[in-house]
Visitor: 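Can you keep this structure in mind? I'll have questions shortly.
Not measured: the values here are computed from a predicted model.
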Amino acid sequence: MLPRPNELLARYVALWNETDPARRRERVEALYVPDAVYVFYRKDPLRGHAAILDQLAYTHQVYGPMGYEFRSSNNANGHHDVVRFNWVMVSAATGEMEMSGQDIVVLAEDGRIQADYQFHDRMPSAFVYDDGYEEHGVAVRAARPRRTGVAGP
């Protein structure tokens, strides 16, 4: 059975905010099929639970120390096996938006994500997105986000 779009979005955002690695693993297994593909900005497609978990850990490494969290835009809609939704990354302290994006996901028959395509609509302004990846998607060094002097957490 396919999930309701905004319920799926709520679970998706909860996954990206989950700080406990064991709980993240449980959430990934519940949300994604084992060979799911995840495609996003500046990286080659990631495939499978382990790769998605690595990306989640990387996201927490970059944004967690800066005080950011993700929130739902509560605007998910879909038809058949495709769901589209938006999210924002905000300062946990102030709620001020720093980044926004949209995902288009394709669901398997069991309602889990089999393909996740992420687009960034607004890039961060409070820091340089110096994420260690070259344009072709290969990590060349650890992430080093740098503050720009623009307001942020």
Visitor: Would you check if the distance from the ring center of Tyr38 to the ring center of Trp16 is below 6.0 Å?
Guide: yes

Visitor: Enumerate the salt bridge (charged side-chain N to carboxylate O under 4.0 Å, His left out) contacts for residues 47-62, please, sequence neighbours excluded, ordered by first and then second residue.
Guide: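 Sorted result for residues 47-62: empty, none.
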
Visitor: Among Arg24, Arg23, His60, which residue meets the side-chain hydrogen bond (donor to acceptor under 3.5 Å, both in side chains) test with Glu18?
Guide: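 The option that passes is Arg23.
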
Visitor: Quick one: which residue pairs count as a ring pair (Phe, Tyr, Trp, His ring centres under 6.0 Å) with a foot in residues 82-114, not counting sequence neighbours?
Guide: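 Output for this query lists Tyr12-Phe85, Phe70-Trp87, Trp87-His120.
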
Visitor: Measure the spacing between CG of Leu46 and CZ of Phe40 and express it to the nearest 0.5 Å.
Guide: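 Between Leu46 CG and Phe40 CZ, I get 6.0 Å after rounding to 0.5 Å.
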
Visitor: To the nearest 0.5 Å, what is the distance between CE (Met99) and OH (Tyr68)?
Guide: 9.5 Å

Visitor: Where do Ser73 and Leu9 come nearest, in terms of heavy atoms and distance?
Guide: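 For Ser73 versus Leu9, the nearest heavy atoms are N-CD2, 4.3 Å.
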
Visitor: Cluster question for you: counting only ILVMFWY and a side-chain heavy-atom cut-off of under 4.5 Å, with indirect links fine, are Leu31 and Val33 together?
Guide: no

Visitor: Where is the tightest heavy-atom contact between Arg27 and Ala14, given as atom of each residue plus distance?
Guide: NH1-CB, 3.1 Å

Visitor: Partners of Arg4 by side chain to side chain contact (heavy atoms under 4.5 Å, CB included), sequence neighbours excluded?
Guide: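 Result, side chain to side chain contact (heavy atoms under 4.5 Å, CB included) vs Arg4: Glu7.
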
Visitor: Please report the closest heavy-atom contact between Leu107 and Pro3, naming both atoms and the distance.
Guide: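 Looking at all heavy atoms of both residues, the shortest contact is CD1-CD, 3.9 Å.
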
Visitor: Please report the interatomic distance CD(Gln61) to CD(Gln55), rounded to the nearest 0.5 Å.
Guide: 10.5 Å

Visitor: Between CD1 of Ile113 and CG of Leu15, what distance do you get to the nearest 0.5 Å?
Guide: 8.5 Å

Visitor: Near Arg84 CZ, under 6.0 Å, is it more than 12 heavy atoms from other residues, nucleotides or ligands?
Guide: no

Visitor: Using the test side chain to side chain contact (heavy atoms under 4.5 Å, CB included), find all partners of Ser100 that sit at least two apart in sequence or belong to another chain.
Guide: Val88, Met97, Asp121, Arg122

Visitor: In chain order, what residues pass the side chain to side chain contact (heavy atoms under 4.5 Å, CB included) check against Val106, with sequence neighbours excluded?
Guide: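 Applying side chain to side chain contact (heavy atoms under 4.5 Å, CB included) to Val106 gives Asp81, Val82, Gln114, Ala115.
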
Visitor: Among Leu53, Val37, Ile52, whose side chain to side chain contact (heavy atoms under 4.5 Å, CB included) with Tyr32 holds?
Guide: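 Exactly one candidate clears the test, Ile52.
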
Visitor: Output yes when a side-chain donor or acceptor of Asn86 lies under 3.5 Å from a complementary backbone atom of Asn75, and no otherwise.
Guide: no

Visitor: Test your reading of the model: is there a side-chain donor-acceptor pair from Asp20 to the backbone of Ala22, 3.5 Å cut-off?
Guide: yes

Visitor: How far apart are the closest heavy atoms of Pro5 and Gly78, and which atoms are they?
Guide: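 So the two residues come closest at CG-N, 4.1 Å.
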
Visitor: Among residues two or more places apart or on two chains, list those pairs meeting salt bridge (charged side-chain N to carboxylate O under 4.0 Å, His left out) that have a residue in residues 64-74.
Guide: Glu69-Arg71

Visitor: What's the spacing between Arg25 CZ and Leu56 CG if we round to 0.5 Å?
Guide: 10.5 Å

